[in-house]
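Have a look at the structure below, then the notes.
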Number of protein chains: 2
Amino acid sequence: MENLTEILKGILEGCVLEIISREETYGYEIVKKLNALGFEDIVEGTVYTIVFRLEKNKLVDIQKKSSEIGPPRKFYSLNEAGQKELSAFWSKWDFVSSKLTELRRNSHV
Amino acid sequence: MENLTEILKGILEGCVLEIISREETYGYEIVKKLNALGFEDIVEGTVYTIVFRLEKNKLVDIQKKSSEIGPPRKFYSLNEAGQKELSAFWSKWDFVSSKLTELRRNSHV
DNA sequence: ACCACTACATAGTAACACAAAGTAGAAAGA
DNA sequence: TCTTTCTACTTTGTGTTACTATGTAGTGGT
């Protein structure tokens with residue numbers, strides 16, 4: 001799927017929050033997980049700007065751990081504010097999703 | 001639902017395309033339709049920037065008609081390029097939508 | 001005269017995904 | 001030893017978008 005840039009705005013951050021909520025993880029791994037999900041064109045620069053933003057907004061806790069196969073990793077985990085933000089994201093998603101389904105189905109909009 | 005700004009990026013334009021595809025319509029009416037759909041906070045400025053963009057990108061045809069209850073209206077209708085764009089939008093939406101469902105369901109991402 | 005509703009227009013802003021380039025650590029092979 | 005490959009993080013800049021704020025203007029009602 002090509003050129004998802006615009007439609008992913010506001011959604012990608014939610015995906016990253018969801019991924020982090022599953023288990024403590026780090027930027028590079030998040031990129032790989034998104035790629036595996038099907039968002040193949042997402043690169044490091046994109047994810048890092050997101051995790052930096054999460055950090056700035058105090059939605060994640062950070063723990064630095066060394067790795068045996070490369071530079072040290074910065075592990076992220078959701079704090080309480082992050083959990084709330086994730087819930088809010090899914091609420092918004094469900095709302096928008098239902099409205100789009102409605103728009104698509106009903107000819108009388 | 002509050003603060004949908006970011007999540008609507010790239011989506012609102014698709015909604016406007018879909019609305020126009022149903023029948024020839026004009027800016028002010030599009031706003032009212034979106035409001036009725038549930039996007040209550042969307043105002044004229046937002047929609048006009050979108051229809052101007054559609055016009056600039058040659059996705060719509062325009063016809064000016066006078067109204068008995070106010071200033072003249074600019075009616076928009078989708079041309080062939082607009083129809084293609086609308087199809088592309090729904091493809092992207094379906095893709096993203098399915099990926100988010102997958103992400104949400106599977107704990108092993 | 002004043003207000004409400006209809007209807008279009010536009011300059012400016014903040015937020016976001018992304019491009020592009022860089023820095024580094026570690027392992028493996030030639 | 002040198003190069004490559006993979007891992008991993010960082011930063012600057014860009015284009016697109018929804019939204020804010022404000023304005024103009026036509027029509028009808030009170």
Side-chain angles (χ1 to χ4, degrees), chain A residues 1-17 24-35 39-57 59-60 62-76 85 89 92 96 99, chain B residues 1-17 24-35 39-57 59-60 62-76 85 89 92 96 99:
Chain A
M1 187 66 47
E2 54 188 45
N3 206 17
L4 295 174
T5 302
E6 296 310 325
I7 211 173
L8 284 181
K9 284 187 180 172
I11 291 177
L12 207 49
E13 181 179 306
C15 293
V16 172
L17 283 169
E24 210 185 34
T25 182
Y26 53 97
Y28 191 78
E29 193 179 44
I30 294 170
V31 175
K32 298 304 166 194
K33 286 182 177 186
L34 286 168
N35 293 156
F39 298 121
E40 296 172 358
D41 295 336
I42 287 171
V43 293
E44 295 160 79
T46 301
V47 170
Y48 284 111
T49 55
I50 292 173
V51 291
F52 290 158
R53 193 163 67 235
L54 297 181
E55 183 180 348
K56 193 190 73 182
N57 296 342
L59 301 176
V60 288
I62 305 183
Q63 212 182 341
K64 209 163 191 173
K65 298 181 184 177
S66 61
S67 165
E68 297 110 31
I69 55 164
R73 301 161 172 167
K74 276 175 72 180
F75 279 84
Y76 298 93
E85 188 68 22
F89 165 72
K92 290 180 197 173
V96 170
K99 291 308 173 188
Chain B
M1 188 66 47
E2 54 189 43
N3 206 16
L4 295 173
T5 301
E6 295 309 326
I7 211 172
L8 283 180
K9 285 187 178 169
I11 291 177
L12 205 50
E13 181 180 306
C15 293
V16 172
L17 283 169
E24 209 185 34
T25 182
Y26 53 98
Y28 190 78
E29 193 179 44
I30 294 171
V31 175
K32 298 304 167 193
K33 287 183 176 186
L34 286 168
N35 294 156
F39 298 121
E40 296 172 358
D41 295 335
I42 286 170
V43 293
E44 295 159 79
T46 302
V47 170
Y48 285 113
T49 55
I50 292 173
V51 291
F52 289 158
R53 193 164 67 234
L54 296 181
E55 183 180 348
K56 194 190 73 182
N57 296 341
L59 302 175
V60 288
I62 304 182
Q63 210 181 343
K64 208 163 190 173
K65 298 181 184 178
S66 60
S67 164
E68 297 109 31
I69 56 164
R73 301 161 172 166
K74 275 175 72 181
F75 281 83
Y76 299 93
E85 188 67 22
F89 165 71
K92 290 180 196 174
V96 170
K99 290 308 173 187

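All chains are named by letter (A, B, ...) in the order of the sequence lines, taking the proteins before the strands, and each is independently numbered beginning at 1.
- The distance from atom CG of B:Leu8 to atom P of D:dT20 is 11 Å, rounded to the nearest whole Å.
- Residue A:Tyr26 is classed as a sugar-phosphate contact, given heavy-atom separations below 4.0 Å to backbone atoms only.
- The distance between atom NZ of A:Lys65 and atom C1' of D:dA8, rounded to the nearest whole Å, is 16 Å.
- Taking the nucleotide of DNA chain C with the nearest heavy atom to each of A:Asp41 and A:Glu68, the more 5' of the two is matched to A:Asp41.
- In this structure, B:Asn35 places its CG atom 14 Å from C1' of C:dT6, rounding to the nearest Å.
- Backbone-only contact: A:Thr5 has heavy atoms under 4.0 Å from sugar-phosphate atoms and none from a base.
- Of the two residues near DNA chain C, B:Tyr76 and B:Ile69, the one whose nearest nucleotide lies more 5' is B:Ile69.
- Backbone-only engagement by A:Glu13 is indicated by non-hydrogen atom pairs under 4.0 Å involving sugar-phosphate atoms exclusively.
- Stacking of A:Lys74 on the aromatic ring of A:Tyr26 is not recorded, the 6.0 Å distance cut-off and the 45° axial limit not both being met.
- Not a single donor-acceptor contact under 3.5 angstrom links the side-chain atoms of B:Lys74 to the base of C:dA7.
- Each of A:Ile30, A:Thr25, A:Leu59, A:Ile62 was compared with A:Val51 under the side chain to side chain contact (heavy atoms under 4.5 Å, CB included) criterion, and only A:Ile30 meets it.
- The interatomic distance linking B:Ile50 (CD1) with C:dT10 (P) rounds to 16 Å, in whole Å.
- Between the side chain of A:Lys9 and the base of D:dT16, at least one donor-acceptor pair of N or O atoms lies under 3.5 Å.
- For B:Glu6 against C:dC16, a side-chain-to-base donor-acceptor contact under 3.5 Å is absent.
- With a 4.5 Å cut-off on side-chain heavy atoms, A:Glu2 and A:Asp41 do not count as touching.
- Between A:Glu6 and A:Lys9 a salt bridge is recorded (basic side-chain N to carboxylate O distance below 4.0 Å).
- Both A:Arg73 and A:Thr49 lie close to DNA chain D; mapped to their nearest nucleotides by heavy-atom distance, the more 5′-ward contact belongs to A:Arg73.
- Here C:dG25 presents its P atom at 11 Å from NZ of A:Lys64, a figure rounded to the nearest Å.
- With salt bridges taken as basic N to acidic carboxylate O contacts below 4.0 Å, none links A:Glu85 and A:Lys92.
- What separates CG of B:Leu12 from P of D:dC19 is a distance of 6 Å, to the nearest Å.
- Between A:Ile42 atom CD1 and C:dC18 atom C1' the separation is 10 Å, expressed in whole Å.
- The nearest heavy atom of DNA chain D to B:Thr46 and to A:Ser67 marks one nucleotide each, and the one closer to the 5' end goes with A:Ser67.
- The CG-C1' distance, from A:Asn57 to C:dC16, rounds to 12 Å in whole Å.
- Residue B:Tyr28 has its side chain nearest to C:dC5 when only C:dT10, D:dT7, C:dC5 are considered.
- Look at A:Tyr48 and you'll find a side-chain N or O under 4.0 angstrom from OP1 or OP2 of D:dC9.
- Backbone-only contact: B:Gly27 has heavy atoms under 4.0 Å from sugar-phosphate atoms and none from a base.
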Discussion item. Test side chain to side chain contact (heavy atoms under 4.5 Å, CB included) on B:Lys64 and B:Arg73; report intermediate values, then the result.
Written reply: CA-CA 6 Å; B:Lys64 208 163 190 173; B:Arg73 301 161 172 166; over 6 Å; no
